[in-house]
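As a basis for the values below, the full set of heavy atoms in this structure was taken, side chains included, without hydrogen atoms, waters or symmetry mates. Both counts, for ligands and for their atoms, begin at 1 and track the order of listing. Residue numbers start at 1 and run along the sequence shown.
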Amino acid sequence: MQVVERTFIAIKPDGVQRGLIGEIIKRFEVKGFTLVGLKLLNVSRELAEEHYSVHRERPFFAGLVEFITSGPVVAMVWEGDGVVASARQIIGATNPLTANPGTIRGDFGVNIGRNLIHGSDAVETAQREIALWFKDEELVNWSPTISKWLYE
Ligand code: IDP
């Protein structure tokens, strides 16, 4: 059994400032996904603009870049079958006010401009974002010993 799917997750500056790093990591960990990359960093304007380049023309772009570069971010890569779509469910809808309770945004947020966390929206996006945020040697290839209790 070989798991190949990976997603890029970032705890935004509001999640870090509010002391939610542990709570957020826990949700992916207890679900059964595998952490293969993790770092705390101050995001450069260049990286922020590239990461959100798809939103370059949107009215909120400048504020978004300002926000993402305003304090430390926790960047992560998580691995597991179906992890991209599942992580989006764990995270919840973009607007925390309408995100379902039980999701990270639904449980901890109230404003679309402070929605705590980013998760790749598709497998191809995940590949692009992982390559943008992490060097190959920063990712750890490993298989948890409990894999046989997670996958048939
Ligand atoms: P997602 O993060 O749920 O994938 P996207 O639509 O890709 O949502 O938007 C990227 C990020 O841009 C959001 O997470 C949020 O931080 C920000 N954003 C999106 N729409 C708005 C808005 O209307 N006002 C302020 N920020 C927004």
Side-chain angles (χ1 to χ4, degrees), residues 3-136 138-141 150-151:
V3 175
V4 290
E5 193 169 307
R6 288 178 171 179
T7 196
F8 173 70
I9 301 290
I11 304 174
K12 297 178 179 179
D14 53 338
V16 174
Q17 296 289 348
R18 291 182 52 198
L20 291 171
I21 297 172
E23 174 68 38
I24 288 173
I25 289 179
K26 182 180 157 203
R27 292 189 176 211
F28 296 98
E29 209 174 22
V30 295
K31 172 73 173 166
F33 293 127
T34 304
L35 185 62
V36 296
L38 173 71
K39 60 184 173 185
L40 178 74
L41 73 160
N42 284 312
V43 179
S44 67
R45 175 162 294 269
E46 187 188 12
L47 175 57
E49 288 181 353
E50 185 57 35
H51 175 75
Y52 281 122
S53 56
V54 60
H55 296 304
R56 195 157 270 156
E57 307 304 325
R58 309 285 284 275
F60 58 81
F61 181 73
L64 181 56
V65 169
E66 208 58 45
F67 167 54
I68 292 299
T69 56
S70 67
V73 164
V74 175
M76 297 179 278
V77 178
W78 287 89
E79 183 178 271
D81 277 358
V83 68
V84 174
S86 179
R88 294 280 292 185
Q89 287 191 315
I90 291 169
I91 289 169
T94 305
N95 186 344
L97 268 191
T98 54
N100 289 326
T103 66
I104 291 167
R105 287 170 174 165
D107 285 350
F108 301 116
V110 287
N111 183 264
I112 193 166
R114 297 288 182 270
N115 64 4
L116 300 161
I117 178 166
H118 166 84
S120 309
D121 64 4
V123 171
E124 301 73 43
T125 321
Q127 287 163 354
R128 181 184 89 86
E129 292 175 350
I130 291 167
L132 182 65
W133 287 76
F134 283 89
K135 298 183 185 121
D136 272 353
E138 290 177 318
L139 299 177
V140 178
N141 295 307
L150 291 167
Y151 294 101

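Taking the six-membered ring where tryptophan is involved, the planes of Tyr52 and His118 are perpendicular, since the angle between them exceeds 60° and thus also 30°.
At a heavy-atom cutoff of 4.0 Å, ligand 1 is contacted by the side chain of Leu64 but not by its backbone. With a 4.0 Å heavy-atom cut-off, ligand 1 is reached by no atom of His51.
Contact atoms of ligand 1 toward Thr94: 1 (P), 3 (O), 8 (O), 13 (C) (distance under 4.0 Å to a heavy atom of the residue). The distance from ligand 1 to the heavy atoms of Asn115 drops below 4.0 Å at these ligand atoms: 13 (C), 14 (O), 15 (C), 16 (O). Shown in contact with Lys12 at under 4.0 Å from a heavy atom are these atoms of ligand 1, numbered in order with element: 13 (C), 14 (O), 15 (C), 16 (O).
Remark: side-chain polar atoms of Ser70 are paired, donor with acceptor, to backbone N or O of Phe67 under 3.5 angstrom. A donor-acceptor contact shorter than 3.5 Å links the side chain of Asn115 to the backbone of Thr94. A donor-acceptor contact shorter than 3.5 Å links the side chain of Asp14 to the backbone of Leu116.
Aromatic ring centroids of Trp78 and Phe33 lie 6.0 Å or more apart.
Regarding atom 9 (O) of ligand 1, its nearest protein heavy-atom neighbour is His55 NE2, 3.4 Å. Scanning the protein heavy atoms around atom 24 (N) of ligand 1, the nearest turns out to be Ile112 CG2, 3.6 Å. Protein heavy atom closest to atom 25 (C) of ligand 1, with residue, atom name and distance, is Phe60 CB, 3.7 Å.
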- Could you go step by step and tell me if Trp133 and Leu41 meet the side chain to side chain contact (heavy atoms under 4.5 Å, CB included) rule? CA-CA 10 Å; Trp133 287 76; Leu41 73 160; 4.0 Å; yes
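Within the 4.0 Å heavy-atom cutoff, Arg105 counts among the residues contacting ligand 1. Using a 4.0 Å cutoff on heavy atoms, Arg88 counts as a contact of ligand 1.
Residues Arg56 and Glu49 have side chains in contact (heavy-atom distance under 4.5 Å, counting atoms from C-beta outward).
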